[in-house]
Amino acid sequence: MSAPTFGGVVPPLVTPLTADGAVDLESFERLVNHLIDAGVDGLFVLGSSGEVAFLSDADRTVVLTEAVRISAGRVKIMTGVNDMTPARVVAQIRLAEAAGVDAIVATAPFYTLPNQAEIETHFRLLAAATTLPIFAYDVPVRVHNKLSLDMLIRLGAEGIIAGVKDSSGDDVGFRRLVMANRAAGSPLVVFTGHEVVVDGALLLGADGVVPGLGNVDPKRYVDLFAASKAGDWEAVRRIQDELSELFEIVFQASGVSGEAAGLGAFKTALAHLDIISTNRMSPPVPALAGETVERIQAIVDRAGLLVR
């Protein structure tokens, strides 16, 4: 596995939609180039920010093939292969392999509610089915299971998985993972999925960040990561504070689902920046509108993104 080639800033791409709900390929190309031009190290497609749960296999295939085509080898492409059971995940892996991605990102099975032994078997089955590097996606809010620290280190040491995308929100658990990984000789590439405590994660020893807000402001995340590599932690904290102010866009909606409030805010900001054409969400999730949109636009304007 080629785990050492992964790391840095890898935004989880949103999937732009046209007014009638189709994948908006023109907007998607603008978004991919927007991120690559900002200096990101990779792209993560078909994650939670990409509305993967709402997309048909046909739409997932379009997103995968277009991401590979547009990036043209300039950055690594990682893709989510989320599904309920190993057999269904392997079917998603086949789509990813055919598109030519560089790595896959897999959650624990869901709906079936497996125990940790079954989750470990799940990852072993995936590894046996592909030569692509596998990143374990630790996202208990989605799958109702927290990946075991001992299991992750064991699977990393055996070469079953190449790394972990930690979106658990568990900062103590993240620190334990980084420390245990280091003690084991660093077999895993460890990403944080946090937007607003990236500075702390990098100080702990994270190898990279997968920030949804990176769709909107990739350059600041690139600058933050570069400052951490240079040991300029004062700059890291300053840039993180600026990103945290921008992250306020996700708190502007009320009376809607977290999907609509958070991801809807990213899409609304990107539409305001003319990177994507609409802020439409996949049904049944509503697009943000009215005063909520105006508040998000004002926060984006204060961040200076239109003039950068």
Indicate the atoms forming the closest heavy-atom contact of P114 with I119, along with that distance.
CG-CG1, 3.6 Å
Residue pair M179, F174: steps toward the side-chain contact (heavy atoms from CB on, under 4.5 Å) verdict
CA-CA 9 Å; M179 292 176 66; F174 185 80; over 6 Å; no
Hey, are E97 and T130 close enough side-chain-wise for a donor-acceptor pair under 3.5 Å?
yes
Can you check whether T15 reaches L55 side chain to side chain, under 4.5 Å on heavy atoms?
yes
A96 to T79 - nearest heavy-atom pair and separation
CB-CG2, 3.6 Å
So, does S168 use its side chain to make a donor-acceptor pair with the main chain of D138 at under 3.5 Å?
no
Are D24 and L17 side-chain neighbours, meaning at least one heavy-atom pair lies under 4.5 Å?
no
Between atom OG of S48 and atom CD of E259, what is the distance when rounded to the nearest 0.5 Å?
7.0 Å
Do side-chain atoms of N279 reach the backbone of L288 as a donor and acceptor pair under 3.5 angstrom?
yes
Same cluster or not: V90 versus L125, using hydrophobic residues (I, L, V, M, F, W, Y) connected whenever any side-chain heavy atoms lie under 4.5 Å apart?
no
Is the side chain of D41 donor-acceptor paired with the backbone N or O of V9 at a distance under 3.5 Å, no angle test?
yes
What's the separation between atom CZ in R182 and atom CG in L204, rounded to the nearest 0.5 Å?
8.0 Å
Is the closest side-chain heavy-atom distance between F225 and L202 below 4.5 Å?
yes
Any side-chain heavy-atom pair from L246 and L305 closer than 4.5 angstrom?
yes
For the CD1 atom of I70 and the CD1 atom of I36, what is their distance to the nearest 0.5 Å?
8.5 Å
Given side-chain contact (heavy atoms from CB on, under 4.5 Å), test R60 with V52 step by step and report yes or no.
CA-CA 7 Å; R60 291 185 185 193; V52 63; 3.6 Å; yes
Inter-residue atom distance L147.CG - K165.NZ, 0.5 Å rounding:
11.5 Å
Using every non-hydrogen atom in the two residues, find where P218 and V40 come nearest and quote the distance to one decimal.
CB-CG1, 3.9 Å
Side chains of F191 and V189: closer than 4.5 Å at any heavy-atom pair?
yes
What one should report as the nearest heavy-atom pair of L31 and I275 is CA-CG2, 3.8 Å
Between R295 (side chain only) and I249 (backbone N and O only), is there a donor and an acceptor less than 3.5 Å apart?
no
Do side-chain atoms of Q252 reach the backbone of E248 as a donor and acceptor pair under 3.5 angstrom?
yes
Does atom CD of E118 have more than 12 heavy-atom neighbours from other groups under 6.0 Å away?
yes
L113 and V139: same hydrophobic cluster, using ILVMFWY side-chain contacts below 4.5 Å?
no
For E195, does its backbone N or O pair with a side-chain atom of Q240 as donor and acceptor, under 3.5 Å?
yes
Residue pair D223, K219: steps toward the salt bridge (Lys or Arg N to Asp or Glu O under 4.0 Å) verdict
CA-CA 6 Å; D223 290 345; K219 185 62 167 62; 2.7 Å; yes
d(T112 OG1, H122 NE2) to nearest 0.5 Å is 9.0 Å
Heavy-atom pair with the smallest gap, counting every atom of P16 and V14
CD-O, 3.4 Å
Under the side chain to side chain donor-acceptor pair (under 3.5 Å) criterion, do D150 and Q116 qualify, and how do the steps go?
CA-CA 10 Å; D150 291 344; Q116 289 295 319; over 6 Å; no
Indicate yes or no: at least one non-hydrogen side-chain atom of L213 is less than 4.5 angstrom from one of Y221.
yes
Do K146 and S148 have side-chain atoms, one donor and one acceptor, less than 3.5 Å apart?
no
Determine whether I134 and I160 make a side-chain contact, defined as any pair of heavy atoms from C-beta on separated by less than 4.5 Å.
no
R94 atom CZ, over 12 foreign heavy atoms within 6.0 Å
yes
Give the C-alpha distance, both sets of side-chain angles, the deciding distance and a yes or no for side-chain contact (heavy atoms from CB on, under 4.5 Å) between V23 and V63.
CA-CA 8 Å; V23 176; V63 170; 4.3 Å; yes
Kindly indicate whether the side chain of F54, heavy atoms from C-beta on, has any atom under 4.5 Å from the side chain of V285.
yes
Could you tell me whether R69 atom CZ has more than 12 heavy atoms of other residues or ligands within 6.0 Å of it?
yes
Can you confirm if the aromatic rings of F6 and F135 lie within a centre distance of less than 6.0 Å?
yes
Determine whether Q92 and D57 satisfy the following criterion, side-chain contact (heavy atoms from CB on, under 4.5 Å), listing intermediate values before the conclusion.
CA-CA 8 Å; Q92 295 300 316; D57 283 0; 3.0 Å; yes
May I ask you to decide if R280's main-chain N or O and K267's side chain share a donor-acceptor pair within less than 3.5 Å?
yes
Out of the candidates L177, L155, N181, T192, only one should pair with V164 under the side chain to side chain contact (heavy atoms under 4.5 Å, CB included) rule; please name it.
L177
Of all the heavy-atom pairs spanning L126 and A106, show the shortest one and how long it is.
CD1-CB, 3.7 Å
Rounded to the nearest 0.5 Å, how far does CG of L46 lie from OG1 of T61?
9.0 Å
Charged N to carboxylate O under 4.0 angstrom, E242 versus R238?
yes
Between the main-chain N or O of S71 and the side-chain N or O of R74, is there a donor-acceptor pair closer than 3.5 Å?
yes
Side-chain donor-acceptor contact under 3.5 Å, N215 with H34:
no
Sidechain-backbone polar pair: R220 side chain, L243 backbone, donor-acceptor under 3.5 Å:
no
Starting from the C-alpha separation in whole Å, work towards a yes-or-no answer on salt bridge (Lys or Arg N to Asp or Glu O under 4.0 Å) for E120 and R124.
CA-CA 6 Å; E120 181 165 342; R124 291 183 182 278; 3.0 Å; yes
Quick check against the 3.5 Å criterion: does E51 have a side-chain atom that pairs as donor or acceptor with the backbone of S282?
yes
